[in-house]
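Just so it is clear: chains get the letters A, B, ... in the order the sequence lines come, proteins before strands, and each one is counted from 1. No experiment lies behind these values; they were computed from the predicted model shown. The figures here come from the full heavy-atom set of this structure, side chains too, leaving out hydrogens, waters and symmetry mates.
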2 protein chains.
Amino acid sequence: MFKLSKKVEYGLIALRHMALVDTITTAKEIATHYQIPFDLLAKVMQKLAKTKIIISHQGIRGGYKLAGSANNISVMSVIQAIEGHIPGIVQCIDEGLENCSIHQNCTIRDPLHKVQKNLESTFINLKVSEIV
Amino acid sequence: MFKLSKKVEYGLIALRHMALVDTITTAKEIATHYQIPFDLLAKVMQKLAKTKIIISHQGIRGGYKLAGSANNISVMSVIQAIEGHIPGIVQCIDEGLENCSIHQNCTIRDPLHKVQKNLESTFINLKVSEIV
DNA sequence: TATTAATACGACTTATTAAGTCCGTGAGTT
DNA sequence: AACTCACGGACTTAATAAGTCGTATTAATA
Ligand code: SF4
Ligand code: SF4
């Protein structure tokens with residue numbers, strides 16, 4: 001419960017790495033350096049590339065590099081890129097009210113949605129550059 | 001990812017209910033009223049009873065009632081009671097550093113632990129009485 | 001132009017956790 | 001004694017997360 005996914009952790013580690021080295025870097029390099037499963041990291045980086053957080057170069061001598069400055073990348077945008085959406089702390093935020101079987105009787109929705117907003121701004125304000 | 005468990009949601013709903021009615025209430029009552037699976041709710045309430053958040057009365061005409069005022073019950077204490085521990089946003093908080101296979105190379109631990117503390121105080125400051 | 005080393009992407013399998021169920025025991029009231 | 005509640009462990013099922021595999025595509029370079 002309440003855990004960041006490994007994919008997000010791997011993504012953050014990779015981004016921090018790229019923020020430091022500045023040169024173009026391959027997924028393989030990062031995977032071996034940090035002992036991260038290559039296939040998994042590769043897909044994470046593809047997600048980050050698709051949302052333009054990093055820029056990819058195919059072909060031999062290819063790899064990835066940051067698209068912009070690390071202090072313009074919020075951790076929330078990273079999460080959203082990797083997970084495909086902003087994760088909700090309760091089901092109804094992700095799937096809509098109707099999908100919760102007890103939403104008719106739910107009494108705790110509003111306060112939890114406030115917690116959600118609180119949480120979101122924490123991750124919006126946290127930038128990759130602060131991941132030291 | 002990052003979801004509150006249903007058990008915690010059920011617990012909060014139950015606590016709010018008890019905060020309102022004030023009289024002794026059975027798990028069955030709450031389960032049918034809110035359409036919550038009885039067996040599951042029952043175990044949740046037992047956990048809350050064991051940690052003295054609510055007081056149980058066995059036997060016929062038994063049930064539960066709040067042990068104290070709702071504004072003295074933090075949502076964090078409820079989570080801890082139900083889950084058995086304070087949940088961490090990353091593995092190493094729950095299971096210790098050694099259990100993470102890449103902890104030797106992890107670069108993002110410290111900032112994430114700060115997020116954890118931030119999150120914890122959010123739930124510590126949030127009281128059941130605010131769950132309106 | 002053939003080779004090579006990289007990304008791209010979907011399908012698949014396995015592992016872990018969450019959610020829900022079942023069943024018997026113990027306690028207190030009438 | 002009977003009834004109805006809490007107690008608690010074992011179990012099953014469902015959902016999600018983590019990891020793997022196969023194949024296609026792209027571009028530098030020898
Ligand atoms: S129980 Fe309430 S807060 Fe939880 S998912 Fe259902 S509607 Fe949302
Ligand atoms: S990768 Fe780092 S932050 Fe994540 S669990 Fe391992 S040590 Fe903790």
Side-chain angles (χ1 to χ4, degrees), chain A residues 1-11 14 18 23-32 35-52 54-65 79 81-85 87-91 94-95 99-102, chain B residues 1-11 14 18 23-32 35-65 79 82-85 87-91 94-95 99-102:
Chain A
M1 170 188 169
F2 238 93
K3 249 185 209 65
L4 244 55
S5 73
K6 285 289 180 190
K7 286 196 282 191
V8 168
E9 289 196 52
Y10 297 159
M18 287 185 282
T23 72
I24 198 164
T25 315
T26 70
K28 191 179 186 179
E29 263 184 274
I30 295 176
T32 58
Q35 305 262 71
I36 296 171
F38 168 75
D39 289 297
L40 194 47
L41 177 65
K43 291 213 298 189
V44 166
M45 296 184 79
Q46 283 161 30
K47 289 266 178 71
L48 294 175
K50 264 221 300 219
T51 54
K52 304 288 203 314
I54 59 180
I55 292 175
S56 76
H57 291 281
Q58 282 187 314
I60 199 169
R61 313 272 281 163
Y64 300 95
K65 64 174 189 186
I79 293 173
I82 294 172
E83 298 294 327
H85 63 282
I89 62 168
V90 282
Q91 181 191 14
D94 285 348
E95 306 172 23
N99 288 88
C100 175
S101 60
I102 65 167
Chain B
M1 171 191 168
F2 239 93
K3 248 185 210 66
L4 244 54
S5 73
K6 284 291 179 188
K7 288 197 281 191
V8 168
E9 288 196 53
Y10 297 158
M18 289 184 281
T23 74
I24 197 164
T25 316
T26 69
K28 191 179 186 181
E29 262 184 273
I30 294 177
T32 58
Q35 305 261 67
I36 296 171
F38 168 76
D39 288 296
L40 194 47
L41 178 65
K43 292 213 296 189
V44 166
M45 296 183 78
Q46 284 163 30
K47 289 267 179 70
L48 294 174
K50 264 224 298 221
T51 55
K52 303 288 202 315
I53 291 172
I54 59 180
I55 293 175
S56 75
H57 292 281
Q58 283 187 315
I60 199 170
R61 313 276 281 167
Y64 299 96
K65 65 174 188 185
I79 293 174
I82 294 172
E83 298 293 329
H85 63 282
I89 63 168
V90 282
Q91 182 191 13
D94 284 349
E95 306 171 25
N99 288 87
C100 174
S101 60
I102 64 167

May I have the distance from A:Ile54 (atom CD1) to C:dA6 (atom P), rounded to whole angstrom? 15 Å

Heavy-atom donor-acceptor pair, B:His85 side chain to B:Glu83 backbone, under 3.5 Å: yes

Working to the nearest 0.5 Å, report the span between CE of A:Met1 and CD1 of A:Ile89. 8.5 Å

Can you check whether A:Ser56 has a side-chain N or O nearer than 4.0 Å to OP1 or OP2 of C:dA8? yes

Quick check on DNA chain C: between B:His57 and A:Gln46, whose nearest nucleotide comes earlier from the 5' end? A:Gln46

Assign each of A:Lys7 and A:Gly59 to its nearest nucleotide of DNA chain D by heavy atoms, then name whichever residue's nucleotide is nearer the 5' end. A:Lys7

A:Lys50 side-chain proximity, nearest of D:dT29, C:dC9, D:dG8: C:dC9

Round to a whole Å and report the spacing from NZ of B:Lys6 to C1' of C:dT21. 18 Å

Ignoring the backbone of B:Arg61, work out which of C:dT29, C:dA18, D:dA27 is nearest its side chain. C:dT29

Is there a donor N/O on one and an acceptor N/O on the other, under 3.5 Å, for the side chain of A:Gln58 and the base of C:dT7? yes

CG of A:Asp94 versus P of D:dA17: gap in Å, rounded? 10 Å

What do you reckon, is NZ of A:Lys65 surrounded by more than 12 foreign heavy atoms closer than 6.0 Å? no

Check whether A:Gln91 reaches the backbone of A:Asn99 with its side chain - one donor and one acceptor, N or O, closer than 3.5 Å. yes

Using a 4.0 Å heavy-atom cut-off, does B:Phe2 contact any base of the nucleic acid, only the sugar-phosphate backbone, or nothing at all? nothing

Atom NZ of A:Lys28 and atom C1' of C:dA8 are separated, to the nearest Å, by 17 Å

Does a nitrogen or oxygen in the side chain of A:Tyr10 sit under 4.0 Å from OP1 or OP2 of D:dG19? yes

Donor-acceptor pair, B:Ser5 side chain versus B:Lys3 backbone, under 3.5 Å? no

For B:Ile82 and C:dA18, give me the distance from atom CD1 to atom P, rounded to whole Å. 13 Å

Shortest non-hydrogen contact between A:Gly62 and A:Ile24, atoms and distance: C-CD1, 4.1 Å

Starting at CD1 of B:Ile82, measure out to CD of B:Glu9 and round the result to the nearest 0.5 Å. 10.5 Å

What is the distance from NZ of B:Lys3 to C1' of C:dT16, rounded to the nearest Å? 16 Å

Counting any heavy atom closer than 4.0 Å, what does A:Ala27 reach on the DNA or RNA strands: base, sugar-phosphate only, or nothing? sugar-phosphate

Interatomic distance, B:Ile102 CD1 vs D:dA18 P [rounded to whole Å]: 12 Å

So what does B:Met45 touch, heavy atoms closer than 4.0 Å: a base, only the sugar-phosphate, or nothing? nothing

Whole angstrom is fine here: how far is it from NE2 in A:His85 over to C1' in D:dA17? 13 Å

Would you say B:Ser56's side chain and B:Ile54's backbone share a donor-acceptor pair under 3.5 angstrom? no

Between protein and nucleic acid, restricted to nucleotides 20-23 of chain D and to nitrogen or oxygen atoms under 3.5 Å apart, what atom pairs and distances do you find?
from   : atom 1 : to      : atom 2 : distance (Å)
D:dT20 : O4     : A:Lys43 : NZ     : 3.3

